[in-house]
Amino acid sequence: MKQIPLFRQLGEAELTLLWAMGQEVGLPAGYALETPAGEPPVLWVILDGRVDITFPQPRVEEGYATLFGPEIWGASSLVPPFASPGRAVTGTACRVLKLGAHEVRTLAEQNPRLGMRIYEALATHFSQRFRGLIEQPLSTRRPATDD
């Protein structure tokens, strides 16, 4: 987990605490990393394997991304509105750590040092994603409208 930017600044005790909160599972290829309606959101720590992401983009073709472990999916479950903007499906068999997003947020509130480190890393993560959107070629951006 130390290789994942969101957790890079955490100490061994903090990583052990997060690990103990999660559930390590093996998933087959084709498994959707979704939270069923009515269940709390999940932060997926992809330890091994490949996850394929699709992002709906109005008026242009869907956006695509691929994640290879170690990586995370579901970082948006840590901030309102607590929902992922895309759809993730395992492209290969994967080994993941399933962390309840509510439990991670509660831990961050109870342990300000850990929370500060996670949310600073999260701000960097979202900033990099946003920068990537801004730097996209114009042909893949949503066209401007007058309405």
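Atoms considered below: every heavy atom in the structure, side chains included; atoms not considered: hydrogens, waters and symmetry mates.
From Thr66, atom OG1 reaches atom CD1 of Ile53 across 8.0 Å, with rounding to the nearest 0.5 Å. In this structure, CG in Leu67 is found 8.5 Å from CG in Asp52, a value given to the nearest 0.5 Å. In this structure, the separation between CD1 on Ile4 and CD on Glu71 is 6.5 Å, given to the nearest 0.5 Å. One distance of note links CG of Leu10 with CZ of Arg117; it measures 7.0 Å at 0.5 Å rounding.
Proximity of a side-chain donor or acceptor of Thr92 to a complementary backbone N or O of Gly49 within less than 3.5 Å is not detected. Checked by atom type and distance alone, the side chain of Arg8 pairs as donor or acceptor with a backbone atom of Gln3 at under 3.5 Å.
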Might you work through the side chain to side chain contact (heavy atoms under 4.5 Å, CB included) test for Leu6 and His125, ending with a clear yes or no? CA-CA 8 Å; Leu6 187 64; His125 172 79; 5.8 Å; no
Give the C-alpha distance, both sets of side-chain angles, the deciding distance and a yes or no for side chain to side chain contact (heavy atoms under 4.5 Å, CB included) between Val51 and Val96. CA-CA 11 Å; Val51 174; Val96 302; 5.9 Å; no
Taking it one step at a time, do Leu18 and Val45 satisfy side chain to side chain contact (heavy atoms under 4.5 Å, CB included)? CA-CA 11 Å; Leu18 279 171; Val45 180; over 6 Å; no
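Under a hydrophobic-cluster definition in which Ile, Leu, Val, Met, Phe, Trp and Tyr are linked whenever side-chain heavy atoms come within less than 4.5 Å, directly or via other members, Val42 and Val79 are assigned to different clusters. Under a hydrophobic-cluster definition in which Ile, Leu, Val, Met, Phe, Trp and Tyr are linked whenever side-chain heavy atoms come within less than 4.5 Å, directly or via other members, Tyr31 and Ile46 are assigned to the same cluster. Under the 4.5 Å side-chain heavy-atom criterion for ILVMFWY residues, no single connected hydrophobic cluster contains both Leu27 and Phe68. Note on Leu97: it clusters hydrophobically with Leu17, by side-chain heavy-atom contacts below 4.5 Å among ILVMFWY residues.
Of all non-hydrogen atoms in Met21 and Val104, the two that sit nearest each other are CE-N, 3.7 Å. Across all their heavy atoms, Trp73 and Leu33 have their closest contact at NE1-O, 3.9 Å. When all heavy atoms of Tyr119 and Arg105 are compared, the pair lying nearest together is OH-CG, 3.3 Å. Taking each heavy atom of Glu24 and Trp19 in turn, the nearest pair found is OE1-CZ2, 3.2 Å. Considering all non-hydrogen atoms of both residues, Leu122 and Ala75 come closest at CD1-CB, 3.6 Å.
In the displayed structure, Gln9 atom CD is contacted under 6.0 Å by at most 12 heavy atoms of other residues, nucleotides or ligands. Under a cut-off of 6.0 angstrom, the local environment of NE2 in His102 is sparse, with at most 12 non-hydrogen atoms contributed by other residues, nucleotides or ligands.
Looking at Trp44 and Thr90, their side chains never come closer than 4.5 Å, going by heavy atoms from C-beta outward. Using a 4.5 Å heavy-atom cutoff, the side chains of Phe82 and Pro40 are not in contact. The shortest distance between side-chain heavy atoms of Phe7 and Glu14 does not fall below 4.5 Å.
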